[in-house]
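Predicted model, so just to flag it, every value in this text is computed and none were measured. The first residue in the sequence is number 1, and the count goes up from there.
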Amino acid sequence: MVSPDRLLAFAALSLLLIVVPGPSVLFVVGRALARGRRAALTTVAGNTLGAYVLVAAVALGVGAVVERSAVVFTVLKLAGAAYLVHLGVRAWRERRCPQAVFADDAQGGEGLRRTFWEGFAVGVTNPKTLVFFAAVLPQFVDRERGGAAVQMLLLGLVFNAIALACDSLWGLLAAGARDWFARSPRRLSAVGGAGGLAMIGLGVAVATTGHGD
């Protein structure tokens with residue numbers, strides 16, 4: 001098990017990193033503006049699960065491979081960026097469709113499942129997160145206590161729990177602003193389009209960043 005002092009230190013570091021809006025926040029805000037509250041929170045859940053899969057990959061040693069291989073890093077980066085652009089283009093195209101604009105209220109279990117797995121896909125194809133975990137998690141592992149992989153999984157769980165809470169808050173705030181725009185179909189169409197453009201911009205930004213960015 002991780003010692004309490006290391007666990008608290010890691011939690012504090014995680015909080016400092018997470019509270020500053022980053023790609024995950026921008027992605028969730030974009031989904032909130034384009035789809036609404038339920039879609040935003042479902043996206044957060046999927047994205048968090050995807051990020052935890054990356055924690056497991058680091059615990060199993062995969063993170064070191066991505067960190068050292070420019071080819072693997074680039075492939076993952078471009079796959080995630082392309083998917084973000086795809087989601088953004090779809091949101092932009094659907095901005096004038098009433099069924100899409102009010103999807104937050106109308107979509108059933110099937111729609112939410114699709115939204116969840118879309119968030120998961122973005123989370124699990126984020127090489128920057130994988131490299132971050134590969135670089136940071138080992139520093140907080142107490143080798144003398146043994147079970148390094150288990151300690152990394154626990155630390156990753158702490159990080160993702162904090163991220164889940166913070167990203168959900170951002171999603172709710174963005175969805176609240178969207179509710180105000182919902183009073184006017186034209187304004188709601190505009191904000192839905194803005195959400196799509198935000199995701200497209202994020203995808204482009206991810207595609208153009210490298211290991212050291």
> Could you state the interatomic distance from CG (Leu112) to CZ (Arg38), rounded to the nearest 0.5 Å?
Replying inline: 4.5 Å

>> Between Leu41 and Leu172, is there a side-chain heavy-atom distance shorter than 4.5 Å?
In response: yes

> Taking a hydrophobic cluster as the set of Ile, Leu, Val, Met, Phe, Trp and Tyr residues connected by side-chain heavy atoms closer than 4.5 Å, whether directly or through intermediates, do Val55 and Leu154 fall within one such cluster?
Replying inline: yes

>> Filter on side chain to side chain donor-acceptor pair (under 3.5 Å), then keep only pairs touching residues 3-16, sequence neighbours left out; what's left?
In response: Ser3-Asp5

Only pairs under 3.5 Å count here: list side-chain donor-acceptor contacts from residues 45-54, not counting sequence neighbours, and write none if there are none.
unit_1 : atom_1 : unit_2 : atom_2 : d
Thr48  : OG1    : Val44  : O      : 2.7
Tyr52  : OH     : Leu153 : O      : 2.8

> Any side-chain heavy atom of Leu173 sitting closer than 4.5 Å to one from Leu169?
Replying inline: yes

> Listed by chain and number, what are the side-chain hydrogen bond (donor to acceptor under 3.5 Å, both in side chains) partners of Glu118, not counting sequence neighbours?
Replying inline: Arg31, Arg90

>> Would a single hydrophobic cluster contain both Leu157 and Leu13, if residues Ile, Leu, Val, Met, Phe, Trp and Tyr are joined by side-chain heavy-atom contacts under 4.5 Å?
In response: yes

> Can you name the ring pair (Phe, Tyr, Trp, His ring centres under 6.0 Å) partners of Phe133, sequence neighbours left out?
Replying inline: Phe159

>> Between Phe116 and Val28, is there shared hydrophobic-cluster membership here, with clusters defined by ILVMFWY side-chain heavy atoms closer than 4.5 Å?
In response: no

>> Using every non-hydrogen atom in the two residues, find where Ala40 and Ala32 come nearest and quote the distance to one decimal.
In response: CB-CB, 3.6 Å

> What are the two closest non-hydrogen atoms of Gly156 and Leu137, and how far apart are they?
Replying inline: N-CD2, 4.2 Å

> Mind checking what makes ring pair (Phe, Tyr, Trp, His ring centres under 6.0 Å) contact with Phe140, not counting sequence neighbours?
Replying inline: Phe10

>> Which residues pass the side chain to side chain contact (heavy atoms under 4.5 Å, CB included) test with Leu15, not counting sequence neighbours?
In response: Val19, Ile162, Cys166

> Under a single-linkage definition using a 4.5 Å side-chain heavy-atom cutoff for Ile, Leu, Val, Met, Phe, Trp and Tyr, are Val58 and Ile18 assigned to the same hydrophobic cluster?
Replying inline: yes

